[in-house]
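Worksheet for the structure shown next.
Keep in mind that the numbers below use all heavy atoms, side chains included, and drop hydrogens, waters and symmetry copies.
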Amino acid sequence: MDQLSAEARILAAIRAIPRGRVAGYGEVARRAGLPGRARLVARILAGNGDDALPWHRVLRSDGRIAFAENSRGWREQARRLRAEGVEVVRGRVRMVRPDADLDAALWGPSA
DNA sequence: CCCGTGACTCTAC
DNA sequence: CGTAGAGCCACGG
């Protein structure tokens, strides 16, 4: 596979995250068939310009917003998440850590 | 080719 | 639950 299709798959994986739900960079990468490429996902997002892309639903593995606290992106992401009903406390969302095998664990912040 | 940087992650303590 | 360190991947100087 080349990087172009890899990017396309990553973007598709992000677009597939339901409204009101979140996913980690690593999850997105894995779902795109690129395990271990969490940083690639971050890089793609950093260069993305598509506003229609639900980039705000992508968080770190621990549920924290990846941007520096109180930075512009940080605030914007928190705002967008709350706008769709996601509870954001101190820049972080309740994420499920356990074995990401079940769809529920893979897609939801709280079951 | 080595080195620094980053919207990352995992393991220890 | 929080910090510290090492590992990782892609990129640009």
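- Only the P atoms considered, C:dC8 is 15 Å distant from B:dA12, to the nearest whole Å.
- Atom CG of residue A:Asn48 and atom CD1 of residue A:Ile44 lie 9.0 Å apart, to the nearest 0.5 angstrom.
- The side chain of A:Arg92 places an N or O atom within less than 4.0 Å of a non-bridging phosphate oxygen (OP1 or OP2) of C:dG2.
- Across C:dG13 and B:dA7, the matching C1' atoms stand 22 Å from one another, rounded to whole Å.
- Distance from the side chain of A:Arg39 is smallest to C:dG7 among C:dG7, B:dA7, C:dA10.
- Residues A:Arg15 and A:Leu53 meet the side-chain proximity criterion, which asks for heavy atoms closer than 4.5 Å.
- Shown here is A:Glu84, whose CD atom has more than 12 heavy atoms of other residues, nucleotides or ligands within 6.0 Å.
- Nearest nucleotide to the side chain of A:Ala46, out of B:dC10, C:dA10, B:dA7: B:dA7.
- Residue contacts for A:Gly36: at a heavy-atom cut-off of 4.0 Å it reaches the sugar-phosphate backbone alone, with no base atom in range.
- Checking the phosphate oxygens (OP1, OP2) of C:dG2, a side-chain nitrogen or oxygen of A:Arg90 falls inside 4.0 Å.
- Comparing B:dC10, B:dA7, C:dA10 against the side chain of A:Phe67 picks out B:dA7 as the nearest.
- A:Trp55 comes within 4.0 angstrom of a nucleotide base, judged by non-hydrogen atoms across all strands.
- Counting heavy atoms from C-beta on, the side chains of A:Trp55 and A:Gln77 come closer than 4.5 Å.
- Contact annotation: side chain of A:Arg60 to base of B:dC8, donor-acceptor pair absent below 3.5 Å.
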